[in-house]
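Okay, so here's the structure we're looking at.
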Amino acid sequence: MLNKIKLLQEEIEKFTSHNLDEIEQFRIKLLSKKGEIAALFSEFKNVPAEQKKEVGQKINLLKQSALDKVNKLKNQTVAGQSKEEYDDLTRPAETIPLGSRHPISIVKNEILEIFSRLGFTVNEGPEIEDDWYNFSALNFPPEHPARDMQDTFFIDKGSDILLRTHTSNGQIRVMEKQKPPIRTLSPGRVFRNEAISARAHCIFHQVEGLYIDTDVSFADLKQTLLYFAQEIYGKETEIRLRPSFFPFTEPSAEMDISCKLCGGKGCNVCKYTGWLEVLGCGMVDPNVLEGCGIDSVKYTGFAFGMGIERTAMLKYQVKDLRLYFENDVRFLRQFVSAY
Ligand code: DAH
């Protein structure tokens with residue numbers, strides 16, 4: 001009996017593990033109701049009377065040391081590792097997966113950054129607007145089709161409160177408050193009553209630009225946009241301006257860039273024209289300046305507006321607009337950028 005106790009004592013001393021299952025097996029083997037120490041207790045009645053005291057003490061000590069060992073090993077084990085290993089401050093850290101910016105934010109930030117080098121600041125206008133800021137102050141005639149319920153989301157029937165259809169409302173809000181010189185951008189969300197498809201969405205993003213000062217000319221507009229296009233689409237990019245119409249600019253133009261994919265030779269992205277339309281622009285109509293209390297004889301200015309999704313599509317070649325709104329992390333994770 002004493003020999004058996006000695007052997008078990010040695011086994012307890014030798015045993016070590018940082019695996020919780022193994023520790024549990026060890027506990028069951030020694031300390032459970034049918035374990036080896038319980039067996040010793042049941043054999044105890046056969047021990048001769050004169051040895052009972054010594055043997056009894058030894059079995060109790062054995063049981064205590066088995067319990068201590070199990071508790072000690074359990075306490076030292078964290079997540080399957082020994083505590084020393086776990087607490088090792090020199091161990092390489094576990095990697096924490098970082099999120100990434102949304103591609104629309106990346107492109108927006110890049111646009112803002114490029115224009116900030118030319119002194120443009122940022123003024124975000126409200127998404128919920130009234131007819132004045134979204135249409136009337138921008139020289140839209142009363143019967144203009146864009147004011148129709150079919151294109152514009154009104155907050156209430158018969159009300160003139162609406163979700164802005166473009167970021168041009170930002171121009172008016174800035175001109176009302178600031179005196180020229182003005183150089184500002186208004187980025188933000190816009191809303192139009194469109195069926196959702198790969199090429200259209202009822203929510204999208206625009207950046208509006210406005211520059212008002214004495215002697216601002218169409219040449220300034222063209223040079224500013226050329227600088228922007230070459231910064232965002234690459235140095236080899238060429239631009240062309242086509243005459244167009246917007247109620248708030250006169251003259252108005254649309255800007256195309258040379259197709260990045262085919263270098264202007266013609267491909268299915270540019271529909272074999274070699275050019276891609278990227279923004280609308282023009283010289284701010286004197287009516288708009290006067291409506292905001294700016295002297296249109298002393299001051300002139302230019303404005304432009306571009307879609308951020310459109311810019312992102314051209315940069316990343318992702319042509320289904322819906323992907324920008326679904327927030328599938330497998331899509332979003334692919335965009336890594338300095339912006
Ligand atoms: N607001 C126009 C749109 O949503 C874009 C635009 C065109 C803005 C010409 C401008 C501009 O400032 O001058 O289609």
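The analysis underlying the following values was restricted to heavy atoms, covering all of them including side chains, and did not include hydrogens, waters or symmetry mates. When a residue number appears, it is its place in the shown sequence, counting from 1. We count ligands from 1, going down the list as the structure has it; atoms in each ligand are counted the same way.
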Q) For residues D88 and T90, is any side-chain donor paired with an opposing acceptor at under 3.5 Å? A) yes
Q. Of C259, S258, C270, which is the lone residue that meets side chain to side chain contact (heavy atoms under 4.5 Å, CB included) with W275?
A. S258
Q | First-shell residues of ligand 1 [heavy atom, distance under 4.0 Å] | A | H166, S168, Q171, R192, Q206, E208, F246, F248, T249, G280, C281, G282, A303, F304, G305
**Q.** R173 bridged to E129 by N-O distance under 4.0 Å
**A.** yes
(Q) If you count every heavy atom of other residues, nucleotides or ligands that lies below 6.0 Å from E143 atom CD, does the total exceed 12? (A) no
**Q.** Distance-only donor-acceptor check, side chains D131 and S136, under 3.5 Å
**A.** yes
Q | Salt-bridge contact E10-K14 (side-chain N to carboxylate O under 4.0 Å) | A | no
